[in-house]
Each structure stands twice: as C-alpha cells, then as structure tokens.
Amino acid sequence: MTNRKYSFVVAGGLAILALFAALWVVLIIPKMNRTAADSLGMGDYALLTTDRTPFTEESLKGTPSAVFFGFTHCPEVCPTTLGDIAGWQAELADQGKELRTYFVTVDPERDTIDMMQEYVSWVPGVLGVSGPEDEIKKAITSFRVYAQKVPLKNGGYTMDHSAFVMLFDNKGRFVQTISYGEQFDSAMKKIDALL
Amino acid sequence: MTSLNKSALITGFLMALATSTWAEDVPKPIPFPPTQQGGGMNHMGHENYAHGMHAMETVGDLEISGFYSRETLPNAPVAGGFMTITNNGSTDDRLIAASSDISGRVEIHEMAMENDVMKMRELADGLPIPAGETVELKPGGYHVMFMELNTALIQGDTVSVTLEFEQAGSTTITMPVAARQGGMGHTGHGGHMKHGS
Ligand SMILES: [Cu+2]
C-alpha cells in the first residue's frame, strides 16, 4: 500500500471519528442526561404497599411523591428519617397538604408487609413497600440506590443502604433528594417547590 | 499489512470507542448533590436527655455517664443505647460485652455515613477505652445495639443494661428512654405560621 493510500484511510477514519464525535455531542449526550434523570425510578418492579395496593413505576405518577429505602432493623437512620417525615407532614398538614411517601424495604426477608404496617402507621402519608426479593432487587436497581447485606458475628445481618429521600414530581420524574439529617427548612423548601 | 486489515483496524478502533462510550449508558449511581451538612450526622444529638445526663456510674477506673436509649417505633426489632465512658486509670480497657433483659442480644456497633450510605459494623473485638481518654457512644457513631428486642421502649421507661469491661469488670446501668430522634423541625417550631397562608 502506498503512503497516499495510507493517508487516505487515516483521513477517512478521522473524518468518521469526527462525525461520530459531533453526533455524540449533539444527539446522544443530551439524550443520556435526560434519560438518567427521567428513568430514575422507572423499571418493571412489582411490589406491594402496606395498603395492599401495587407499587410499580406507575405509582410515582399522578401526584408528587417521596421515596426512600431502608429496613426496620435499622439502628437510627430509618427511624430518624420517618421522624423527619412526620415533621414535614405536620407542617404540610397546616397548609392542608400531604406528601405521598413510600418507604421501600431493602430487607424483604425480614420486612413483611404485616411487619411494616405498624412500623410506618404513625406517620401520615407514609406507605411501607415490600415484596419478593427479586422484585426488591429490581426496584433498588431502578432507583439506583445502594443496598448491601452485611453478616453479623452472631449469625444475623444488617443492611448498608442509601440514606436519602428521593422526590418525584407528579409525572413521576425524579427532581432531587433530601439528605439524611438535612435541616427542616431546607427540606421544606424542596417539598414546597414540589407540591 | 493490507488495506483491508488497516480499515478493519480503524473500524475496530471506532467500534471500541463507540462501545466504551456506550458502556456509560449502563445505569450507574447518579451524582447526588452534596449534603448541606456534610453527612448530617454531627448536629444530631443536641436534644436534652435530662435524666441520663446527670446519672453517673463508676466501675474500677471507668466513669460512665450520659447514658440513655430512645423510644422505638411500633414493631421495631432493634434499639440503640448511648453513653460516655471515661477511663481515669493508666491501663487501657475495653468494652467487650453487654446484655439486657429487654433483648435477646446486645451488640457493640459502630455506625457511619459514607457518601449518603449508612453503614453499620459490629466491633468484633469490643470497643477500646484507652487510658486517660473519653469515648462517646452516640447517634451516628458507636452504640450498643439491642437486638431481638422483646418489648417496645417508651419515653420515660428505663432499660437496665449490664456492661462488661476487660479490666474494670461488670457494672449495670439504668438507661432512661428518651424521645425519638427526628422531626425536630415542626415541634416547637413556633414560627410555622409564616409557612401557612
Ligand atoms: Cu447497630
């Protein structure tokens, strides 16, 4: 092969590369960004709430909602988060509002619907969510949260898990998170923007 | 090298480029905004644990104070116990075990928040209480954990816990049960009218 032919092939390759890069920037990246936020919470998980209603991606639509993952054997993050949510709901109640909230277990083995019912019963607007382990795994993937079983010395186990509350708008699109321990006023600002 | 090989090489390179970038499309944790309090753990525990704060228990060179537990949620299978332990002696000590009537087991744990993830670990070798130092068991950190809780803890109750130290031996403390954590914003949030109409 001659040098000229060689240059031609390289130039052609570079041209294709440039085209690819341009297409990438113009078409693919915006789409990816959109999908990243829009697809959060979307998936084919099929779970059950403590109201015995289905919990699927469709559950996120219609009304703004909050979703957080945890488990009842949680030492303090989950009770504290539920306590915070009770505080938000009390504030919202003054305005005649309520934030629909789902507490999805990352520990379906121990957290049955019956068990979760009482656990969340005292917080207005909060439904517990559980189901078969593989469906919970699907939900964990769909919401892109972290959950990991960690064995304890005496045969039991605990769960490491993401500790934030995710907010979704009335079209079921992810908006933002409320961090664990976030100040009341800061959390309320985020919720007020949603409702 | 034939031109076919070279084109194949270039195509291969482009494909590799394409696939490597496409791989980014695989769902991965989206970068959540950083927390406003950097994990939000340190400002916890500012409530007033009136009773436990004044109680003090001494065993050997150790001084145990500020001990309390918290009211549990309905059906909660676990609860945490907190305290401050000061070693006034010149020998390192270690909290190696704990037990209580209210639960099947009491374990010594450490909790931490890492990148918005709650992690809890059992301290297999117990909790060191070095000579001359003070170790705090508090929300968001070290705690004794009541596992297989056989009763609900209600604010105002007390919980009897036996602690076993490597050097100082055993002692039993009576922990008051404090209010639940969280939801501090609304309660005593005198100015909440401004959020209304
Ligand atoms: Cu623990």
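All values below come from the heavy atoms of this structure, side chains included, with hydrogens, waters and symmetry mates left out. Numbered from 1 within each chain, the chains take letters A, B, ... in sequence-line order.
Once rounded to the nearest 0.5 Å, the distance linking CG of B:Asp92 with CD1 of B:Ile129 reads 10.0 Å.
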Report task. Determine, step by step, whether A:Phe71 and A:Phe103 satisfy the ring-ring contact (aromatic ring centres under 6.0 Å, His included) criterion, reporting the C-alpha distance in whole Å, the side-chain angles of both residues, the deciding distance to 0.1 Å, and the verdict. Result -> CA-CA 9 Å; A:Phe71 67 128; A:Phe103 173 46; 8.9 Å; no
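Note: A:Pro75 leads A:Gly156, A:Pro75, A:Ala147, A:Pro79 in heavy-atom pairs under 4.5 Å with chain B. Listed options B:His143, B:Glu114, B:Arg121 were ranked by heavy-atom pairs under 4.5 angstrom with chain A; first place goes to B:Arg121. Each of B:Pro77, B:Gly80, B:Ala76 has some count of heavy-atom pairs under 4.5 Å with chain A, and the biggest count is that of B:Pro77. The candidate from B:Val78, B:Asn75, B:Leu73 with the greatest count of non-hydrogen atom pairs under 4.5 Å with chain A is B:Leu73.
Interface remark: A:Thr158 contributes side-chain atoms only to the contact with chain B (heavy atom separation under 4.5 Å). Looking at B:Met145, the atoms closer than 4.5 Å to chain A (heavy atoms on both sides) all sit in the side chain, from C-beta outward. For chain B, no part of A:Ile178 is nearby; none of its heavy atoms comes within less than 4.5 Å. At a 4.5 Å heavy-atom cutoff, B:Glu148 makes no contact with chain A through either its backbone or its side chain.
Between A:Phe68 and A:Phe164, the ring centre distance reaches or exceeds 6.0 Å. A ring-centre distance under 6.0 Å is found for A:Tyr102 and A:Phe55.
With hydrogens and angles left out, the side-chain atoms of A:Arg144 and A:Ser39 include a donor and acceptor closer than 3.5 Å. A donor atom on one side chain and an acceptor atom on the other are not found under 3.5 Å apart for A:Tyr119 and A:Asp111.
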